[in-house]
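Throughout, residue positions are numbered sequentially from 1 according to the sequence presented.
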Amino acid sequence: MISSLLVANRGEIACRVFRTCAELGIRTVAVHSDADEHALHTRVADTAVRLPGATPAETYLRGDLIVRAAVAAGADAVHPGYGFLAENAGFARAVLDAGLVWIGPPPRAVEAMASKTRAKELMGVRPLHDVTEADLPVLVKAAAGGGGRGMRIVRRLEDLDAELAAARAEALSAFGDGEVFVEPYLGGEAGGRHVEVQVLADTHGTVWTLGTRDCSLQRRHQKVVEEAPAPGLPADTEREVRESAVRAARAVDYTGAGTVEFLVAGGRAHFLEMNTRLQVEHPVTEAVFGVDLVALQIRVAEGHALDAEPPPARGHAVEARLYAEDPARDWAPQTGTLHRLSVPGVRLDTGYGDGDTVGVHYDPLLAKAVAHAPTRAEALRKLAGALERAVVHGPVTNRDLLVRSLRHEEFATGRMDTGFYDRHLAELTAPAPDPYAPLAAALADAHGRSRFGGWRNVPSQPQVKRYLMAGEEHEVRYRHSRTGPVPDALGVRVVHADARLVVLEVGGVRRRYEIARYGDRVHAGPTALTALPRFPDPVVQRLPGSLLAPMPGTVVRVADELAVGDAVRAGQPLLWLEAMKMEHKISAPVTGTLSALHAAPGRQVEVGALLAVVEATREDQ
């Protein structure tokens, strides 16, 4: 029996495994980088061991340090979570060689399936070796790991070499393995759906398939919304993918939890890969089948047999991933303090607590919200409503995108595919500011600064507040009175106002705003605003053609032989930033001459930092 378990991971998945361990009476051990010293997963574990350094390569990808930590902490077993070393056969062997229990499949099964190239060959699918124009578009894909890292769509043959290099660099940073391969691209405009099957196998020959999941809503090949079961899947297609999943598991004598993924397009199910680990989206399967997959992983690792058949499925479940990112700015990751996070009424798996810092080194996933209901329509409604009422104070997130996605007619009717965001991102991210939120923020601020009720025998001078909302400046005017501030806006009555709550009546309808302020950042209900100074400082002028860092991160590469004075064309990649385990390409904004280059590999930059300047040619000015 396992009595102490180390999770070789961080954040949400570490906290999720620890929760099950606590219910089973198993002692828990966390590992953490220096950046994660005070992270939630270190606080909820019974014991925590430091991995010196901040980057994944220095810490969570160092299998030798993790095994040493497990032995030093007296752990019996190691759970890899997902990402990092979860699909690294060498790490699995090192755990077993140290006399520890590995919560996962045998290393030989990990080895056979963790490399997507070998997995495809095992399932009779061959990658492309010599790419021609006729093969385009193609997908460059990391052989190890997942989560969209090390993946690039290539539509022009001349871009292939550069995208191969970028994918290798990203895969090496995320998984410690730079191997990539090329395959036909079947997603996006081809109308493919991402469908997967959850498998669970024991050491006694039993293999369960726990239904299907649909994970078609993706950005940058990383899933955003997942659900179980996959809606509208023809019976023969469902039977085909489940049989293929069992065949894949038996082909490598698989044990433990795993997922077999397919792209369903043109009436056919195309094998993509087998993930030899727990998936991020496993909670939807748990909700539908009423099981705890982590507990079952542990039972299988202890040698227990599964029942002959899995429990029956019940209802429908949907999961939405809440990311610290700005979908309207090319999904740019965001950092800062997460002051408060609350999503009532649904299951919430998170690796953050109120007041924690969202840093630059790791994935921007804040939490996963999961709703379960008797029908798909009810589950969608429940999850959308919970996210709409959620309190998320801190960095910009994709919360509004998630709510709109769940209510979008194409998704609600089950007609989505992997090109959903390619088609609908503009409408899903179009600003829809609340015109009364700045007024509510101003009234709350006025209450906090004034002593209402003091009688005045002269009229109050108008007060002016300025806020930035959805990228636009809004000005609010009001006057002080004996009963409190009175807005200049016509048709608006102040029902209640204090520093934390403002209730306005507009056209006979009451609007309630809970107010929270963190420095110059103000949250009026679900609307985030930035309070602007009364007398703004002079704006620092930037030269036309300036390339500013869209996010905090590290410069990982500069285009080969790029130097000041070089001629560049609009759209030409000049340098690459790494932030939150993803590489972000920075391209020339115009055709012209590189007149300044401040970026260098290894340099840490903050958002808005000047990276380079391209002086446009006369005709482009």
Side-chain angles (χ1 to χ4, degrees), residues 6-15 17 29-42 45 48-70 78-92 94-95 110 114 142-151 166-180 220-222 275 277-278 280 323-325 333-335 351-352 356-366 551-557 576-584 601-605:
L6 178 144
V7 175
N9 219 295
R10 64 174 301 279
E12 173 267 323
I13 185 56
C15 293
V17 175
V29 181
V31 290
H32 67 86
S33 66
D34 290 340
D36 276 341
E37 181 180 5
H38 302 295
L40 182 62
H41 76 279
T42 69
V49 181
R50 175 184 177 233
L51 304 175
T55 67
E58 297 172 306
T59 56
Y60 300 108
L61 289 172
R62 286 288 303 273
D64 56 334
L65 297 183
I66 294 173
V67 171
R68 195 181 307 161
V78 172
H79 192 298
Y82 50 70
F84 296 129
L85 296 172
E87 296 177 275
N88 187 300
F91 177 59
V95 169
V110 176
R149 297 171 189 87
M151 294 178 68
R168 288 190 187 104
E170 193 169 271
L172 185 63
S173 174
F175 315 118
D177 185 341
E179 182 187 351
V180 299
R220 290 181 172 172
H221 314 292
Q222 193 168 40
N275 294 135
R277 54 170 169 79
L278 203 63
V280 180
Y323 287 111
E325 65 184 12
Q334 308 291 299
T335 60
Y352 290 94
D356 285 351
T357 299
V358 181
V360 301
H361 296 293
Y362 311 113
D363 191 277
L365 178 69
L366 296 180
M551 66 207 70
T554 304
V555 178
V556 290
R557 286 190 296 137
W576 288 260
L577 286 181
E578 182 181 79
M580 294 183 171
K581 297 169 65 178
M582 298 287 283
E583 277 199 5
H584 304 268
R603 179 188 168 195
Q604 297 276 338
V605 297

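A search for side-chain hydrogen bond (donor to acceptor under 3.5 Å, both in side chains) contacts involving Glu325 returns Arg219, not counting sequence neighbours. With sequence neighbours excluded, no residue forms a salt bridge (charged side-chain N to carboxylate O under 4.0 Å, His left out) with Arg68. By the side-chain hydrogen bond (donor to acceptor under 3.5 Å, both in side chains) test, Asp36 pairs with Arg10, Tyr60, sequence neighbours left out.
Annotation: the span from Met151 atom CE to Arg220 atom CZ amounts to 13.0 Å, rounded to 0.5 Å. Distance check: Leu366 CG to Asp356 CG gives 10.5 Å after rounding to the nearest 0.5 Å. Within the model, atoms CG of Leu65 and CZ of Arg50 stand 10.5 Å from one another, a figure rounded to the nearest 0.5 Å. Atoms OG1 and CG, on Thr59 and Asp34 in that order, are 8.5 Å from each other to the nearest 0.5 Å. Ser33 contributes atom OG, which lies 7.0 Å from atom NE2 of His361 (distance to the nearest 0.5 angstrom).
Using a distance-only test at 3.5 Å, with no hydrogens or angles considered, no donor-acceptor pair links the side chain of Glu170 to the main chain of Ala167. Checking side-chain atoms of Asn9 against main-chain N and O of Tyr82 turns up a donor-acceptor pair under 3.5 Å.
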Given Asp363 and Tyr323, is the side chain to side chain contact (heavy atoms under 4.5 Å, CB included) satisfied, shown in steps?
CA-CA 9 Å; Asp363 191 277; Tyr323 287 111; 3.7 Å; yes

Verdict with supporting geometry, Asn275 and Glu87, side chain to side chain contact (heavy atoms under 4.5 Å, CB included)
CA-CA 8 Å; Asn275 294 135; Glu87 296 177 275; 3.6 Å; yes

Between Val31 and Leu6, is the side chain to side chain contact (heavy atoms under 4.5 Å, CB included) condition met? List the steps.
CA-CA 8 Å; Val31 290; Leu6 178 144; 3.7 Å; yes

Candidate pair Ile66 and Leu85, rule side chain to side chain contact (heavy atoms under 4.5 Å, CB included), full reasoning
CA-CA 10 Å; Ile66 294 173; Leu85 296 172; 4.2 Å; yes

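When every heavy atom of Ala142 is checked against every heavy atom of Ala171, the shortest pair comes out as CB-CB, 3.7 Å. The two residues Val556 and Glu583 make their nearest non-hydrogen contact at CG2-OE2, 3.7 Å. Nearest approach of Thr42 to His32, heavy atoms of both residues: CG2-CB, 3.4 Å. Considering every non-hydrogen atom in both Tyr352 and Thr357, the closest pair reads CE2-O, 3.6 Å. Summarising the geometry of Tyr362 relative to Ala54, their closest heavy-atom pair is OH-O, 2.5 Å, with the distance given to 0.1 Å. Between Arg277 and Ala86 the shortest heavy-atom distance is CD-CB, 3.9 Å.
Put simply, the side chain of Val605 reaches to within 4.5 Å of the side chain of Leu577, judged on heavy atoms. Counting heavy atoms from C-beta on, the side chains of Val49 and Val29 come closer than 4.5 Å. Side-chain contact between Leu365 and Glu12 is present, with at least one heavy-atom pair separated by less than 4.5 Å.
For the residue pair Thr554/Glu578, the side-chain donor-acceptor check at 3.5 Å is not satisfied.
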